[in-house]
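One-based numbering along the sequence shown.
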Amino acid sequence: MSHSKLSPEPFAILAMPRAGTHYLEELLNEHPNVLSNGELLNIYDTNWPDKDRLLGSDRELLERAFLRYPTRSDKTVTHVGCKINEPQFHERPGFFAELANWSGLKVILMIRGNTLESLRSLVQARQTRHWLKFSSDDAAPPPLVTLSLAACEAYFKAADDFHAQVANAFGPTKMLSIEYERLLRDPHACVATILDFLGVPARHLSSRRILQRQETRPLDQTLQNFHELRVHFAHGPYARFFELGDA
């Protein structure tokens, strides 16, 4: 751990779970001046060897993230960040407000266009305890899942509320929205947009891709009660999540 003589410019990647933040962080960390140190509020994140950091105040924790962060010898860091998922804010009720008040902070909001995909992926990961898939993995597809109507409704609303909360707190000059689906289709263009937003010199990414999608099958082949859910949400604002071929 070390203190920078000139503090790097801070950023945070915010998202609902399973929205592609690991992949985005991997891409951003290819840049020699950008360092994102994983999930700040996750006690098991290996980027942070000091698990007792979570015992400190919200302000002290953010100082660890942006001022006394774990360094890397291969980087001259001008922009430093971390990731925070929506459920982690519930464990620290005042943390979001403290984050929003951090001077100079810019936020990258990752949004998965189909929130049902996000929930399905989250339930699969919890069942298997496998949160990431690497290119060398030769594992069986994740298990099929069943989602209750109540769980879907609550998760869809939580996502809408969280995205609105972030947009209201940071505004257009301090926040950039990136779609998960666009990141998969064109990672180079997405990262170029983010680097420009952060004020980092452009850099061509390597063509390597370590992290892989764990689930590539369509929703009707992975949700056992897909058709029941589709009928229930057919005439509401979330009907689009059940349009096969558009997820």
Distance-only donor-acceptor check, side chains His22 and Lys83, under 3.5 Å: yes
Smallest heavy-atom separation, Gly38 atom then Glu25 atom, equals N-OE2, 2.7 Å
Next on the checklist: I'd like to know whether CD of Glu179 has more than 12 heavy-atom contacts from other residues, nucleotides or ligands below 6.0 angstrom.
Outcome noted: no
In this structure, CD of Glu39 is separated from OG1 of Thr46 (nearest 0.5 Å) by 10.5 Å
Closest non-hydrogen contact found for Met110 with Thr21 is CG-CG2, 4.0 Å
- Item | Test item: Asp196 side-chain N/O and Ala192 main-chain N/O as donor-acceptor pair under 3.5 Å | no
Between Arg92 and Ser57, the two heavy atoms sitting closest are NH2-C, 3.5 Å
To the nearest 0.5 Å, atom CG of Leu147 lies from atom CZ of Arg120 at 9.0 Å
Give the C-alpha distance, both sets of side-chain angles, the deciding distance and a yes or no for side-chain contact (heavy atoms from CB on, under 4.5 Å) between Gln224 and Val145. CA-CA 6 Å; Gln224 292 182 330; Val145 299; over 6 Å; no
Residue pairs meeting salt bridge (Lys or Arg N to Asp or Glu O under 4.0 Å), one or both in residues 160-172, sequence neighbours left out, come to Lys157-Asp161
Original post:
Heavy-atom distance under 4.5 Å between the side chains of Leu122 and Arg126, does that happen here?
Top reply: yes
Is there a donor-acceptor pair under 3.5 Å between the side chain of Thr78 and the backbone N or O of Asn33? yes
query: Going through the checks in order, is the side-chain contact (heavy atoms from CB on, under 4.5 Å) test met by Met175 and Val166?
result: CA-CA 8 Å; Met175 186 199 78; Val166 175; 3.6 Å; yes
Please indicate whether His235 has more than 12 foreign heavy atoms, meaning atoms of other residues, nucleotides or ligands, lying under 6.0 Å from its NE2.
-> no
Dump the intermediate steps for side-chain contact (heavy atoms from CB on, under 4.5 Å) on Val77 and Tyr69, then the final yes or no. CA-CA 11 Å; Val77 178; Tyr69 51 90; 4.0 Å; yes
Measure the shortest side-chain to side-chain distance between Asp45 and Ile43 over non-hydrogen atoms and say whether it is less than 4.5 angstrom. no
Are any side-chain N or O atoms of Asp186 and backbone N or O atoms of Arg182, one a donor and one an acceptor, separated by less than 3.5 Å? no
| field | Side-chain H-bond candidate by donor/acceptor type, Asn114 with Glu117, under 3.5 Å | value | no
> So do Leu198 and Leu176 actually touch side chain to side chain, heavy atoms under 4.5 Å?
Replying inline: no
dist Ile108:CD1 -> Ile13:CD1 (nearest 0.5 Å) comes out at 5.0 Å
Distance col, row Gln124:CD vs Thr222:OG1, nearest 0.5 angstrom, shows 6.0 Å
Salt bridge flag under 4.0 Å for residues Glu60 and Arg64: no
Q) Taking the inter-plane angle between the rings of Tyr238 and Phe156 on a 0 to 90° scale, is it parallel (under 30°), tilted (30 to 60°) or perpendicular (over 60°)? A) tilted
Interatomic distance, NE2@His31 vs CD1@Ile194, rounded to 0.5 Å, equals 12.0 Å
Open item on the list: For residues Tyr44 and Leu61: do they belong to one hydrophobic cluster (side chain heavy atoms under 4.5 Å, members Ile, Leu, Val, Met, Phe, Trp, Tyr)?
Closed with: yes
Whether the side chain of Lys51 engages the backbone of Asn42 through a donor-acceptor N/O pair (distance < 3.5 Å, no angle test) should be reported. no
Would you indicate whether the side-chain heavy atoms of Pro70 and Asn47 approach each other to under 4.5 Å?
-> no
Would you indicate whether the side-chain heavy atoms of Leu62 and Asp58 approach each other to under 4.5 Å? no
field: Donor-acceptor contact present, side-chain Glu30 to main-chain Leu27, <3.5 Å
entry: no
request  = Would you mind reporting whether Leu184 and Tyr23 have side-chain heavy atoms less than 4.5 Å apart?
outcome  = yes
Residues pairing under ring pair (Phe, Tyr, Trp, His ring centres under 6.0 Å) where one sits in residues 96-117, two or more places apart or in two chains, turn out to be Phe66-Trp102, Phe89-Phe96
Nearest heavy-atom approach of Ala65 to Val80 is O-CG2, 3.8 Å
Ser118 and Tyr155: side chain donor to acceptor below 3.5 Å: yes
task = Would you please test Leu40 and Arg53 for side-chain contact (heavy atoms from CB on, under 4.5 Å) and show each step?
result = CA-CA 9 Å; Leu40 177 65; Arg53 72 187 185 283; 4.2 Å; yes
Residues Phe241 and Gly113: closest non-hydrogen pair is CE2-O, 3.6 Å
Is there a donor-acceptor pair under 3.5 Å between the side chain of Arg112 and the backbone N or O of Arg18?
-> yes
Exercise. Phe242 ring centre to Arg230 NZ or CZ under 6.0 Å, with the angle to the axis within 45°?
Worked result: no
From the list Thr146, Leu116, Val123, Leu144, side-chain contact (heavy atoms from CB on, under 4.5 Å) with Leu223 holds only for Leu116
Hits for side-chain hydrogen bond (donor to acceptor under 3.5 Å, both in side chains) against Ser177, two or more places apart or cross-chain, chain-then-number order -> none
Taking the side chain as C-beta and beyond, is there a heavy-atom pair between Ile111 and Ile178 under 4.5 Å? no
dist Ser36:OG -> Phe11:CZ (nearest 0.5 Å) comes out at 4.0 Å
Salt bridge present between Glu243 and Arg240 (N-O < 4.0 angstrom): no
Closest non-hydrogen contact found for Leu35 with Thr71 is CD2-CA, 4.4 Å
Mind checking whether Val191 and Leu28 have side chains closer than 4.5 Å, heavy atoms only? yes
Checklist entry - Cation over ring, Lys106 on Phe197, under 6.0 Å and within 45°? => result yes
